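In this text the structure is predicted, and so the values were computed from the model without any measurement. Here is the naming used below: chain letters follow the sequence lines, and residue numbers restart at 1 for every chain.
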Number of protein chains: 2
Amino acid sequence: MTQAVRHDAMRARNLALVLGSVSARGSLTRAALAEVTGLTKTTVSKLVADLIETGLVVETGAVRGGERGRPGVEVRIRGDRVAALGLEINVDYLAVRVVDLSRSVRLRRTQAVDNRSAQPVDVIARLRDLALSAVDEAVGNGLRIVGGALAVPGPVDLGSGVVHNAPNLGWRDVPVLSLLDLGIPLHVENEANLAALGELWFGSGPTDFLYVSGEIGIGAGLVVAGSLFRGARGFAGELGHVVVSPDGPPCRCGGRGCLEQYAGQDALLGAQNGAPAGGVMTMVGRLKAQDPAATAACHQAGWALGVALSSTVNLVDPDTIVLGGVFVPLFPWIGDIVTQTLQSRLGQMRVSVPPIMVSHLGFEAAALGAAGQVIERVIADPAALLQPPIPD
Amino acid sequence: MTQAVRHDAMRARNLALVLGSVSARGSLTRAALAEVTGLTKTTVSKLVADLIETGLVVETGAVRGGERGRPGVEVRIRGDRVAALGLEINVDYLAVRVVDLSRSVRLRRTQAVDNRSAQPVDVIARLRDLALSAVDEAVGNGLRIVGGALAVPGPVDLGSGVVHNAPNLGWRDVPVLSLLDLGIPLHVENEANLAALGELWFGSGPTDFLYVSGEIGIGAGLVVAGSLFRGARGFAGELGHVVVSPDGPPCRCGGRGCLEQYAGQDALLGAQNGAPAGGVMTMVGRLKAQDPAATAACHQAGWALGVALSSTVNLVDPDTIVLGGVFVPLFPWIGDIVTQTLQSRLGQMRVSVPPIMVSHLGFEAAALGAAGQVIERVIADPAALLQPPIPD
DNA sequence: GATATTTAGTCCACAACGTAGACTAATTGG
DNA sequence: CCAATTAGTCTACGTTGTGGACTAAATATC
């Protein structure tokens with residue numbers, strides 16, 4: 001059930017509405033804001049005054065001229081005050097990003113490490129160092145880090161912040177949040193979900209799409225009308241375990257013939273001839289050299305992805321499909337097969353089959369999404385930032 | 001982006017909050033309402049006075065006694081004023097239900113007809129007659145029908161109210177809404193979605209579940225935190241076309257090995273030995289007689305359903321799975337296999353596998369959900385009912 | 001059985017917030 | 001230079017929720 005609305009809540013919502021409009025449109029005059037929000041000029045002026053006082057917004061010297069009449073003074077989000085921390089632990093790297101309120105990336109720190117061979121505690125300690133040094137630098141630049149989020153490759157219990165099972169890292173029941181403790185409000189979430197949000201806020205993309213994350217495992221994040229779909233307990237989007245062939249190779253999830261067995265990084269890169277095989281770029285090299293084994297692996301992966309996506313489209317009806325992770329460099333060799341498979345399996349019934357695109361954010365999507373999520377929260381409720389709830 | 005909140009919107013929300021609380025808890029005193037909503041006694045009294053004046057709520061003579069102090073006067077939803085119409089066109093029947101604001105079913109009309117052999121126009125005309133007579137009777141009983149919804153077996157374009165393709169009825173591009181025109185605000189929606197909502201509001205069920213509708217086709221409606229998930233365009237939940245086996249029998253959707261080919265009514269009932277086979281009850285008879293062909297068909301259907309549901313659980317993370325339609329009478333013969341298949345395919349990774357239950361609403365789930373949706377809307381925004389928007 | 005206690009509901013002065021429209025400010029067009 | 005036009009502020013006002021005093025109606029206690 002919704003909450004009671006009192007004067008303060010009314011004000012908070014309108015404040016958020018104004019801030020959100022400024023954020024969405026870059027910069028606007030008070031008059032334009034009044035038109036966009038439906039509030040009166042008087043009210044907008046008051047709200048903007050509040051936002052300026054808080055330091056969330058500034059008047060740009062620039063004024064909108066050209067037309068007749070008194071020129072308006074534009075306001076825009078102030079990027080030099082409030083910022084958020086985006087963190088990611090993945091199998092072979094750690095990433096830290098600082099994003100300010102205007103959604104500019106202020107700081108990037110990435111470290112290549114093999115996190116599979118290290119203990120969770122050590123990985124987290126390393127991330128902690130990286131994050132703290134980034135926070136220090138940001139604070140030195142006058143930024144106030146109001147919160148952060150951490151992406152991990154695997155399902156996470158959102159409430160407790162415990163990673164129950166991240167098979168690709170070899171983690172089980174790791175209480176990341178309490179181990180990390182940066183003295184900043186933090187939360188953890190699935191890498192695919194946060195990458196999807198990264199795509200939403202930092203990509204050129206649409207507001208309705210399924211983001212497919214091709215890492216060691218395959219995950220997906222579904223964004224509908226600009227917000228993330230998490231399912232009942234927050235474990236939605238496990239695309240890697242959608243059934244491609246019910247009697248296919250056994251999977252560590254207990255099933256058989258899951259997508260991951262055909263299009264997961266191990267299957268895709270290792271499938272060439274049993275040898276451990278290099279990274280994705282080695283694979284790309286072979287593909288360019290028209291290596292038949294590599295081409296066949298891609299073909300199979302593309303077909304399997306198409307099959308799994310056809311189930312997904314039927315269940316979840318995304319508008320667009322955005323491929324990320326390893327699927328980006330491999331797209332020239334799998335794109336067509338995926339599209340064709342999807343088309344042939346859905347074409348008869350659906351009016352339109354969702355187009356398949358490629359993410360342009362690279363591996364930083366998740367860390368950006370993590371930081372963006374915090375920024376988004378501030379914009380959606382700036383009042384909360386000013387008056388933090390009294391701790392009991 | 002959200003809308004500006006003005007005083008009238010604030011009031012409308014609080015009105016909805018009070019009405020919603022009364023609706024959810026049966027009957028409450030003003031004092032209890034104040035506690036539940038967080039509003040002051042004064043405000044609650046004013047709002048309740050409004051609701052009483054509107055006729056949405058009444059004071060019950062009864063008062064809550066027993067304890068010390070002045071007894072409170074309880075108020076409850078008034079069921080004798082406002083009601084909604086729930087309609088369903090299915091393959092072999094038409095159903096009309098009238099549900100009042102207190103969610104009591106006031107009227108049931110069902111007609112068995114073979115809608116596959118009739119023209120859409122005729123089917124709709126027949127439903128129209130049935131609905132109008134029901135409305136007449138309801139109006140005669142002092143009810144005001146404020147709106148209605150129609151369930152059809154197949155994906156519907158919510159905006160236009162056009163059924164693009166309902167293969168089980170043999171319909172293509174039928175503008176149901178404009179043909180039906182009852183002089184009451186109406187909308188159309190997928191049968192599975194509305195049945196899921198029926199289960200939510202009239203079943204004994206939970207607020208997070210996947211409802212599986214076993215009709216000629218197989219559909220699903222996903223309810224998360226008490227609201228329906230529709231996907232980007234409203235076509236989510238096509239469980240019948242989730243892939244069970246990628247090279248299985250061809251399906252009319254263009255794919256192969258879709259769930260519908262294994263567990264759809266035709267496959268399930270027809271699969272016995274090529275003969276047209278009677279209805280579900282004939283099948284049940286054979287199963288009771290331990291007919292091996294019937295048992296095998298059930299086994300296969302249960303297995304396929306388990307496979308498709310394992311993909312679904314991975315993608316969409318439902319808390320519970322509720323089976324409806326033909327799966328209800330067949331449950332004794334398929335339940336175990338579904339559960340086992342699901343368990344063995346998900347058990348390794350998931351902390352808990354969603355339990356599988358059976359709907360108790362029978363075939364009226366969709367029509368009830370349809371009416372319930374309208375009632376829900378009134379309770380969520382009673383102010384809109386009082387001041388209908390001025391038509392342009 | 002009278003009185004204290006407790007709880008329900010109403011009343012009234014007040015505060016918070018948005019509105020409407022008059023008013024001032026700063027441009028461009030003629 | 002003045003009219004027209006648009007931006008932004010100012011002020012009186014309306015709507016709505018609040019808080020606490022007040023009335024009402026029951027039970028508990030002596």
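Residue Lys41(B) contributes atom NZ, which lies 14 Å from atom P of dT23(D) at whole-angstrom precision. The separation between Asp50(A) atom CG and dT9(D) atom C1' is 16 Å, rounded to whole Å. Distance Ile52(B) CD1 to dG9(C) C1': 12 Å, rounded to the nearest Å.
Remark: side-chain polar atoms of Asn14(A) are paired, donor with acceptor, to backbone N or O of Val5(B) under 3.5 angstrom. Between the Ser23(B) side chain and the Leu19(B) main chain, no donor and acceptor come within less than 3.5 Å of each other. A distance-only check finds a donor-acceptor pair linking the side chain of Arg106(B) to the backbone of Gly79(B) [under 3.5 Å].
Between Phe229(A) and Phe229(B), the angle of the ring planes lies from 30° to 60°, which puts this pair in the tilted group.
Ion pairing between a basic and an acidic side chain is recognised when a charged N comes within 4.0 Å of a carboxylate O; Arg230(B) and Asp317(A) show no such pairing.
The side chain of Arg68(B) sits closest to dT5(C) out of dA8(C), dT5(C), dA26(D). Relative to the side chain of Ala31(B), the nucleotides dG29(C), dT9(D), dG9(C) differ in distance, and dG9(C) lies closest.
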Using a 4.0 Å cut-off on protein heavy atoms (strictly under), produce a 5'-to-3' string for nucleotides 13-19 of chain D with B for base contact, S for backbone-only sugar-phosphate contact, and - for none. -BBBBBB

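By the 4.5 Å heavy-atom criterion applied to side chains, Ile375(A) and Arg103(A) are counted as neighbours.
Side-chain N/O atoms of Arg70(B) and base N/O atoms of dA26(D) include no donor-acceptor pair closer than 3.5 Å.
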